[in-house]
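This report concerns only the one structure given below.
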Amino acid sequence: MSRGIVIYQSKYGSTEKYARWLAESIGFDLIEVKKAKADAMNGYDKVVLCGAVYASGIAGISYLRKNSKALALKRTAVFCVGASPYDEKAVKEIREHNLKDELKDIPMFYGRGAWDEEAMTFKDRTMCRMLQKAVGKKDPSEYEPWMTALMCAAGQKCDWTDRKYLAPLIEYMGQRD
């Protein structure tokens, strides 16, 4: 019988929510990256890393990179979470930035997360406001999808998490609800 594990790294909670939904839906074990030792994947034949996207980087991807040899012969996938709506070009760029070399063949899936400036650290909130200011100087007709989302979410509390984003990943893992 196959066994799976979901390893996740979450800063504001959306990624953890998806990781818990996924683990519950398909009966995988669940562990945070910070608690996962190098041998955490031993005894599993299916591995999913769930990580949020910050400045094009996927949180927790370094864990997979450091332990890439342990992924041999395991069905592996990455589920990343971002505040922007799905945009094929942006997701492709995230994939190319994070899943290269020994991780290049790992499939990546995307789910939309949440936005809550009040919950953000001072640093994150400041960076987002600087980005909003820069984007605000552009003509809105030239915005990329993430720019539109950024400008619409400013000053609001939004939660776009939805189990539907997990469906393609669940299908890939060969498990259904």
Side-chain angles (χ1 to χ4, degrees), residues 1-68 70-71 73-87 90-91 94-95 97-99 103 105-121 123-125 128 146 149-150 153 156-177:
M1 181 169 158
S2 71
R3 290 186 62 219
I5 186 168
V6 176
I7 304 168
Y8 72 94
Q9 185 169 331
S10 186
K11 191 171 186 179
Y12 295 113
S14 295
T15 302
E16 181 178 1
K17 183 191 275 189
Y18 279 115
R20 289 188 183 285
W21 283 345
L22 179 63
E24 290 167 7
S25 293
I26 57 180
F28 282 18
D29 291 336
L30 180 70
I31 189 168
E32 282 184 87
V33 168
K34 65 183 177 185
K35 295 179 182 174
K37 306 231 184 322
D39 64 352
M41 295 181 281
N42 290 354
Y44 295 98
D45 57 349
K46 296 180 181 180
V47 176
V48 178
L49 171 76
C50 292
V53 178
Y54 299 105
S56 298
I58 300 172
I61 203 74
S62 61
Y63 177 82
L64 286 190
R65 209 170 276 116
K66 286 179 201 167
N67 298 289
S68 62
L71 297 173
L73 305 177
K74 295 181 190 304
R75 187 169 195 83
T76 306
V78 171
F79 185 82
C80 61
V81 180
S84 297
Y86 180 86
D87 176 63
V91 170
I94 292 166
R95 177 178 176 57
H97 179 75
N98 292 275
L99 298 173
L103 305 179
D105 295 325
I106 296 175
M108 187 183 87
F109 301 85
Y110 182 85
R112 194 163 185 200
W115 180 270
D116 183 358
E117 291 176 22
E118 290 179 18
M120 290 180 189
T121 63
K123 179 182 174 186
D124 288 349
R125 189 170 46 251
C128 287
W146 70 266
L150 176 73
Q156 297 187 48
K157 186 173 183 174
C158 306
D159 184 350
W160 302 285
T161 57
D162 192 323
R163 289 177 184 261
K164 72 179 181 186
Y165 293 115
L166 292 171
L169 172 58
I170 290 169
E171 185 176 329
Y172 173 76
M173 282 291 150
Q175 306 277 340
R176 297 195 187 274
D177 281 321

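Values in this document were obtained by computation on a predicted structure and should not be read as measured data.
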Shortest non-hydrogen pair, W21 vs D162, comes out as CZ3-C, 3.6 Å
For Y44, side chain to side chain donor-acceptor pair (under 3.5 Å) partners two or more places apart = R3, D29
Closest non-hydrogen contact found for F79 with Y165 is CE1-O, 3.5 Å
Taking only residues two or more places apart in sequence or in another chain, which ones pass side chain to side chain donor-acceptor pair (under 3.5 Å) with K11?
-> D124
Side chain to side chain donor-acceptor pair (under 3.5 Å) with T161: which residues, sequence neighbours excluded?
-> K17, D159
Tell me, yes or no, whether the heavy-atom count around K157 atom NZ, taken from other residues, nucleotides or ligands under 6.0 Å, exceeds 12.
-> no
Checking D45 side chain against R75 main chain: does a donor-acceptor pair fall under 3.5 Å?
-> no
Which residues share a side chain to side chain donor-acceptor pair (under 3.5 Å) with R125, sequence neighbours left out = none
Which value, rounded to the nearest 0.5 Å, describes the distance between L166 atom CG and Y172 atom OH?
-> 15.5 Å
Distance in Å, L103 CG paired with I58 CD1, rounded so as to fall on 0.5 Å steps | 9.5 Å
Determine yes or no for a side-chain-to-main-chain donor-acceptor pair under 3.5 angstrom, with D87 supplying the side chain and A90 the backbone.
-> yes
Taking all heavy atoms of I94 and all of S56, pick out the closest pair and write down the distance.
-> CG2-O, 4.3 Å
One should read off an interatomic distance between L99 CG and L64 CG, to the nearest 0.5 angstrom, of 8.0 Å
I'd like a table of donor-acceptor pairs (distance under 3.5 Å, sequence neighbours excluded) in which one partner is a side-chain atom from residues 107-115, with atom names and distances.
from: Y110; atom 1: OH; to: G82; atom 2: O; distance (Å): 3.3
from: Y110; atom 1: OH; to: S84; atom 2: O; distance (Å): 2.6
from: R112; atom 1: NE; to: A83; atom 2: O; distance (Å): 2.8
from: R112; atom 1: NH2; to: A83; atom 2: O; distance (Å): 3.2
from: W115; atom 1: NE1; to: E117; atom 2: OE2; distance (Å): 3.2
from: W115; atom 1: NE1; to: A153; atom 2: O; distance (Å): 3.2

Got a list of side-chain donor-acceptor pairs under 3.5 Å for residues 34-42, not counting sequence neighbours?
none

Check: L30 main-chain N/O paired with R20 side-chain donor or acceptor under 3.5 Å | no
Closest heavy-atom pair and its distance - N98, G57 = OD1-CA, 3.5 Å
Just how far is it from atom OH of Y18 to atom SG of C80, taken to the nearest 0.5 Å?
-> 10.5 Å
Can you measure from CD (Q9) to CG (L49) and round to the nearest 0.5 angstrom?
-> 8.0 Å
Nearest non-hydrogen partners of I170 and S25, listed with the distance = CD1-CB, 4.0 Å
For residues C50 and L22, report the shortest heavy-atom separation together with the two atoms involved.
-> SG-CD2, 4.4 Å
